Asks: 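Below is one structure. I have some questions about it.
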Amino acid sequence: MILRRWACESAPTVLELLQGIWAQAPLRQMQTPGGKTLSAQMSNCGTWGWVSDRRGYRYEAEDPLTKKPWPPLPKLFAELATKAAAQAGYPEFLPDACLINVYAPGAKMGLHQDRDEEDFLAPIVSFSLGLSATFLWGGKKRTDPTQKILLTHGDVLIWGAETRLHYHGIVPVKVGEHPLVGEKRINLTFRKAHK
Ligand code: MD6
Ligand code: FE
């Protein structure tokens, strides 16, 4: 389900909170297990943070860069994620992880499944801010056909249940400037990493 423009009003406060998070857990480009560099810059907040390096993909309680716990999930973030999930039919979503992706023009995210969480019953709630991007929505197999969905500033995407493990990705972000966010796209994905 897409809640179009649902987060526009909260966006200025969300951006302020992000500045504080990035001051504690800086944005960085992670390595894939195969040795490639992910083009989006990433950080996390919440009890668990998603990390990728030569050893694999996983959730960690500490930021490998600072060796400190990830910054706590701001109350506003938790409230927004829970409220959006409830509107999509997931009444008790309590995220324990928030992955923050920042895309400069040209950055992308290859087709992948979100499968590093323990509980595939919990949905994923994803907020898009700043520049628009084309989201590729595939099927259960990597080779299944994909559908293009334009995600714009303030859009919230929620999915779970039978589509929880569908492949998806982001095509390279086009050059542009968003009046509030600047020359980038920010994506927050809220997950329940552990049961
Ligand atoms: C992005 N999002 O929108 C990348 N995954 O930048 C994801 O990979 C994603 O938006 C699972 C659920 C929602 C998402
Ligand atoms: Fe994903």
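Everything numeric in this text was worked out from a predicted model, so none of it was measured. Order of listing sets the numbers, starting from 1, for every ligand and every atom in it.
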Asks: Find all atoms of ligand 1 within a distance of less than 4.0 Å from any non-hydrogen atom belonging to Ser126, and give their numbers and elements.
Replies: 10 (O), 13 (C), 14 (C)

Asks: Tell me which protein heavy atom sits closest to atom 9 (C) of ligand 1, plus the residue, atom name and distance to 0.1 Å.
Replies: His168 NE2, 3.5 Å

Asks: Less than 6.0 angstrom from the centroid, inside 45 degrees of the normal: does Arg142 satisfy that with respect to the ring of Tyr167?
Replies: no

Asks: Once you round to the nearest 0.5 Å, how far does CG of Asn187 lie from CD1 of Ile170?
Replies: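 Reported to 0.5 Å precision, the distance equals 6.5 Å.
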
Asks: Classify the angle between the aromatic ring planes of Phe127 and Phe190 as parallel (below 30°), tilted (30 to 60°) or perpendicular (above 60°).
Replies: perpendicular

Asks: Would you check if there is a donor-acceptor pair between the side chains of Thr37 and Gln29 at a distance under 3.5 Å?
Replies: no

Asks: Please identify which atoms of ligand 1 are closer than 4.0 Å to at least one heavy atom of Tyr103.
Replies: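 Every atom of ligand 1 under 4.0 Å from some heavy atom of Tyr103: 1 (C), 4 (C), 6 (O).
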
Asks: Which ligand 1 atoms, with their elements, are less than 4.0 angstrom from a heavy-atom of Phe135?
Replies: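 Within the 4.0 Å cut-off of Phe135, ligand 1 contributes 10 (O).
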
Asks: Among side-chain atoms of Trp50 and Glu60, is any donor-acceptor pair under 3.5 angstrom?
Replies: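 Trp50 vs Glu60: no donor-acceptor pair found between side chains.
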
Asks: N/O of Asp114 under 3.5 Å from N/O of ligand 1, yes or no?
Replies: yes

Asks: Run down the list Ile170, Thr189, Val173, Ile158 and name the one with the heavy atom closest to atom 14 (C) of ligand 1.
Replies: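 Among Ile170, Thr189, Val173, Ile158, the closest heavy atom to atom 14 (C) of ligand 1 belongs to Thr189.
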
Asks: Just give me the atom name: the N, O or S atom of Asp114 closest to the Fe ion (ligand 2).
Replies: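 In Asp114, the heteroatom (N, O or S) nearest the Fe ion (ligand 2) is OD1.
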
Asks: Below 4.0 angstrom from a heavy atom of Arg185, which ligand 1 atoms are there? Numbered from 1 as shown, please.
Replies: 1 (C), 3 (O), 6 (O)

Asks: So Arg191 and Asp114, salt bridge (Lys or Arg N to Asp or Glu O under 4.0 Å) or not? Walk me through it.
Replies: CA-CA 10 Å; Arg191 297 101 182 269; Asp114 285 24; 2.9 Å; yes

Asks: Starting from atom 2 (N) of ligand 1, which protein heavy atom do you reach first, and at what distance in Å?
Replies: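 Result for atom 2 (N) of ligand 1: Asn187 OD1, 3.6 Å.
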
Asks: Any atoms of ligand 1 less than 4.0 Å from a non-hydrogen atom of Ile124? List them with their elements.
Replies: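 Answer, ordered by atom number: 11 (C), 12 (C), 13 (C).
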
Asks: Consider only side-chain N and O atoms of Arg185 and Ser132, and report whether a donor and an acceptor are under 3.5 Å apart.
Replies: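 Arg185 vs Ser132: no donor-acceptor pair found between side chains.
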
Asks: N/O of His112 under 3.5 Å from N/O of ligand 1, yes or no?
Replies: yes

Asks: Taking the Fe ion (ligand 2) as the vertex, what is the angle from NE2 of His168 to NE2 of His112, given to 10 degrees?
Replies: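 Rounding to the nearest 10 degrees gives 80°.
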
Asks: Where do Trp6 and Gln87 land on the side-chain hydrogen bond (donor to acceptor under 3.5 Å, both in side chains) test, with the steps shown first?
Replies: CA-CA 11 Å; Trp6 190 88; Gln87 290 200 9; 3.3 Å; yes

